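Structure record follows, encoded as structure tokens.
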Amino acid sequence: MSEEQILSKAYDPAEVEKKWYSIWENRGYFHANPKSSKTPYTIVIPPPNVTGILTLGHVLNNTLQDILIRFEKMNGKETCWVPGTDHAGIATQAKVEAYLKKEKNLTRYDLGREKFLEQVWAWKEKYGGTIIKQLRTIGSSCDWPRERFTMDDGLSNAVKEVFIRLYEKGLIYKGHRIINWCPKSRTALSDEEVNYKEEKGHLWYFRYPFADGSGHVIVATTRPETMMGDTAVAVNPEDERYKDKIGKKLILPIVGREIELVADSYVEKDFGTGAVKITPAHDPNDYELGLRHNLEVINIMNDDGTMNAAAGAEFEGMDRYVCRKAVVAKLEELGCLDHIEDYTHQVGYSERGDVPVEPRLSDQWFVKMEPLAAPALKAVEDGRIRFYPERWVKTYRHWMENIKDWCISRQLWWGHRIPAYTCDKCGHIMVARDMPSACEKCGCDKLTQESDVLDTWFSSWLWPFSVFDWPRQSEELKRFFPTQSLVTGPDIIFFWVARMIMASLEFMGDIPFKDVYFTSIIRDEKGRKMSKSLNNSPDPLEVVKQYGADALRFTIIYIAPVGQDIRYSNEKCEIGRNFANKIWNVVRFRLSQGPASADWMSLDGLSSTDLRADDQWIIARLNQVVASVTEGLRAFRFNDICKQLYDFIWSEFCDWYLESCKPVFREADSQGKGNVLRVFDYCLGTFLRLLHPVMPFVTDELYHQMGFAAEESSIMLSAWPTALSDETLAKLGVTVDTVPMAEGKFELIRATRTIRATYQIAMSKALDMVIVPTGEKETAYLSKDMLTLKSLFGANTITVQAGYQPDGPCGVAVSGMGTAYIPLAGIVNVEEEVKRLRKQEAEWEAYLAGVRRKLSNENFVARAPKEVVEKEREHITEFEEKLCRVREQLKSFGA
RNA sequence: GCGCGCAUAGUUCAGUUGGUUAGAACGCUACUUUCACACGGUAGAGGUCACUGGUUCGAGUCCAGUUGCGCGCACCA
């Protein structure tokens, strides 16, 4: 290589990545045109929380989307990837509350609703959307001018429209129900926002005496602190132990209230004592039972999980868990504690607040889900929407078939305020776009807007069409909806995916997307989930700094099998970094041979006689790779295509083809040099494009370094490679034999290298060798391309001669292609060589025995496909020949 | 309890409809700083594909069961 090197020895991604991203964005490559005549291809980003920062999960998720977008763009589609963020009600409100507490020592109550919301917006402007900026560093080709936020005017309008339509249709209603309450965030939650954790607790057994003094009933409970709200004790009507006591009165200890012993089939005879204390205000099952028996409902807790006055002066103000201890102590003191058992059970935790949820009776807004679920289930069942991996269909179906009404109201301030207005006078509720001037029932003009806001997901479920300004029939909506692919985590299949399908079918009359790809969950090297508390989640930006964005992208896709969790560690990014460096050096090598061929784009004009066997081989292999990578991308087999490209470029193109080109390039006068350079460039240009969706930066840089794209253009704008036709391949002399013959040759070369390694003969020592080909075809094959062959064998001379018998000590390399004899006078160690050959002999003999056994099985010969049997027969011939050679050699050693 | 997933080399994992001698990366051993790349190259060691049975001419692959691990859903207070 000359003194002035064109490219540095090792690829340094930092500058390249920075340069290309701003070029792509500034030139508007990511911006979709709704007026384009191209077929649209749309993806809407799963909007990250506006408070969020980039995690490896986002890297995986967004790289996959970026791969699809870049691939489809190169395929000539009008691609539109809509980015945006989610207002994330609870998370954001909590974050800003914490911020205000820390900075100004203020609570949201100090500020009041309006002032607080101003602060949230200010916070959002200042700190929000970090993640959106970070997405650029990993190369995401989002249509940034179309960035949306779920609290934008447009999206808020869509939310209001949907609420009103569903209300008018009778699918939204206000109900008095037991819901999941988060005492920390002080809001209702949906069932999906509750996570159950197994917890070791106790089962307390308490004696509740009969009012008439005739003994007592023992009840078992996990929640002693709720007993002040008990309004009955229930037993199974069939339970012989209690049958004659049903209807009798009990005295609730501590409180002194008279409660009845009721019978209800809900109670299991075999659990505990068969008697259950009933607390309608604090347990959903008890509430249902209470309705059946007309029981009084006594709420004994405040919204923050402390006890209220109804719990009694003794306990008022106590936290629920403090109260639990106090109640147990009190009952023990009163002699009502029978005994305590250890008990492991599931406790529901608030997803955001990470505290146990409290079942709480309150007025909330709900969406009636069954009518929406039916068509949404059908769309997936009949394959209009496909899931990858498909097994999630089962999970989806199960949820859809057991769907419960969705609690959508939240007692928060940050979010879309429910467009409902209550008459101060008569309590009549009106749902409207704007505040009505007067109550439609009593005419009173004093109306109050509902103070609750909507669940964040109530805006997210409209995302695929609200981002295009629905209900306005915008150009974009008509053009880019429905979208094509959705890439998201399986953890939000109910929260988001299912609901989007329902909303789209309901409001757009169409599916929101065709394919849903569920990503893997990223774990650390020990298999643990990435979490803040474990401090085991690497910062992707640091990884990018250390290894490069392409390296991170490639690595994470490469190690992510479809539907399986990933074990990630930073060191794994060496895979991607080394690979990028490898490709970099291919171009570095290529440029040392002069500029790119003018007609690198195609192989037009070349014919079989212009090409060496290795050229035909790499063309054949590249063609297979083009076809299978294209197919792989369409089938969402992302890690598979990474492996294919990695193996092809590294193990085939670099290890064999590039080495095979070296002697030709060294021969300045070689006639074929131009043709070989063309094939080389054709391959390079093709695989850079194949790799571009996964490694966008380094591929565009190298594409330009090679001069494959003009300065003002980009690999992004180039066409996706297509496989050559059979006709073209025939013209180039690529036949069914091309690949197997080349591989046979490589096998022979490897065998000679093994001998070199055994005797420590350096590659630089050129050998005079003789090859005895297996047959005529092989003779012809090995007689061509002598320049290349000599280089690959490291030979001074190669004599291709059938029937050659060595007359001195030599090493022998046996393969299906032929046998190579390497003179080793003075070097060969007979004992060593015999050992090596014996091992080889044993290996092949064992294999041959297996094949013979197979072929002697009549059933195999009769029932297996002809090609399979034929192949086995060929193996017999091949291995017999090989064994023969090995034995001959052994004989010559006198073994 | 119901459903789902996983078990392949020392480690982390590929292995698409059953069909050559089960692959890769990292690690390990030997050689190699040779003019693309030491983020490199060449060669090598290393596997009863968790276990048991079945289907088949043929099973890492399909079926049933067992064991172990993980996840989701639903729960009896």
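As the structure is a computational prediction, the values presented were derived from the model and not from experiment.
- Remark: A:R577 is not in phosphate contact with B:C39, judged by side-chain N or O atoms under 4.0 Å from OP1 or OP2.
- Rounding to whole angstrom units, CD of residue A:Q840 and C1' of B:A43 are separated by 14 Å.
- Ion pairing of A:E874 with A:K871 is absent here, as no side-chain N (NZ or NE/NH1/NH2) approaches a carboxylate O to less than 4.0 Å.
- Across all strands shown, A:W650 has heavy atoms under 4.0 Å from sugar-phosphate atoms exclusively, and none from any base.
- Contact annotation for A:K765: no contact, since no heavy-atom pair falls under 4.0 Å across all strands.
- Side chains of A:R397 and A:V380 form no contact here, defined as non-hydrogen atoms less than 4.5 Å apart.
- Taking CZ of A:R590 as the start and SG of A:C683 as the end, the distance is 11.5 Å to the nearest 0.5 Å.
- At whole-Å resolution of the value, CZ in A:F589 and C1' in B:C35 are 10 Å apart.
- Between the CD1 atom of A:I822 and the P atom of B:A43 there is a distance of 13 Å, rounded to whole Å.
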I'd like to compare against my own output: the B/S/- annotation of nucleotides 71-77 of chain B with a strict under-4.0 Å heavy-atom distance to protein. --SBBBB
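- When distances run from any side-chain atom of A:I575 to the nucleotides B:G19, B:A25, B:C39, the shortest one goes to B:A25.
- Look at CZ on A:F746: it is 12 Å from P on B:A43, rounded to the nearest Å.
- Between the side chains of A:D230 and A:T279, at least one donor N or O sits under 3.5 Å from an acceptor N or O.
- Taking atom P in both B:A25 and B:A64, one finds a spacing of 36 Å when rounded to whole Å.
- With B:A43, B:U20, B:G44 as the candidates, the nucleotide lying closest to the side chain of A:H875 is B:U20.
- Note that A:K582 lies outside the cation-pi zone of A:F579, set by a 6.0 Å cut-off to the ring centre and a 45° limit from the axis.
- Annotation: of the two residues near RNA chain B, A:A757 and A:K854, the 5′-most nearest-nucleotide partner is A:K854.
- A donor atom on one side chain and an acceptor atom on the other are not found under 3.5 Å apart for A:T877 and A:E880.
- Looking only at side-chain heavy atoms (C-beta outward), A:N236 and A:E268 stay at 4.5 Å or farther from each other.
- Nearest to the side chain of A:V868, among B:C31, B:A45, B:G19, sits B:G19.
- A salt bridge does not link A:E288 to A:R292: none of the charged nitrogens lies less than 4.0 Å from a carboxylate oxygen.
- Residue contacts for A:K662: at a heavy-atom cut-off of 4.0 Å it reaches a base atom on one of the strands shown.
- Annotation: B:U11 and B:G53 have their P atoms spaced 26 Å apart (nearest Å).
- In this structure, A:E743 places its CD atom 12 Å from C1' of B:U20, rounding to the nearest Å.
- Summarising the geometry, atom CD1 belonging to A:I556 is positioned 11.0 Å from atom CD1 belonging to A:I575; distances are rounded to the nearest 0.5 Å.
- Ring pair A:Y517/A:F638 is perpendicular by interplanar angle, where above 60° counts as perpendicular and below 30° as parallel.
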In B/S/- notation (B base, S sugar-phosphate only, - none; protein heavy atoms under 4.0 Å), nucleotides 11-16 of chain B written 5' to 3' is -SSS-B
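- Classified by interplanar angle (parallel below 30°, tilted 30° to 60°, perpendicular above 60°), the ring pair A:Y343/A:H345 is tilted.
- Residue A:P865 is classed as a base contact, given a heavy-atom separation below 4.0 Å to a base.
- No hydrogens or angles considered: nothing links the side chains of A:D655 and A:Y657 as a donor-acceptor pair under 3.5 Å.
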Which dot-bracket string fits RNA chain B when only Watson-Crick or G-U wobble pairs with both atom distances under 3.5 Å count, crossing pairs get [ ], and | stands for a partner on a different strand? (((((((..((((.....[...)))).(((((.......))))).....(((((..]....))))))))))))....
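- Aromatic ring centres of A:W392 and A:F387 lie farther apart than the 6.0 Å criterion allows.
- Proximity of A:N578 to the phosphate of B:G40: a side-chain N or O atom is located under 4.0 Å from OP1 or OP2.
- Comparing the P positions of B:A22 and B:U61 gives an interatomic distance of 15 Å, to the nearest angstrom.
- Atom CD in A:E659 sits about 8 Å away from atom P in B:U42, given to the nearest Å.
- Comparing B:G3, B:U42, B:A36 against the side chain of A:D655 picks out B:U42 as the nearest.
- Rounded to an integer number of Å, the gap from A:E867 CD to B:G18 P is 15 Å.
- In this structure, A:Y759 atom OH and B:A30 atom C1' are separated by 15 Å, rounded to whole Å.
- Phosphate proximity of B:G44 to A:T754: present, with a side-chain N or O under 4.0 Å from OP1 or OP2.
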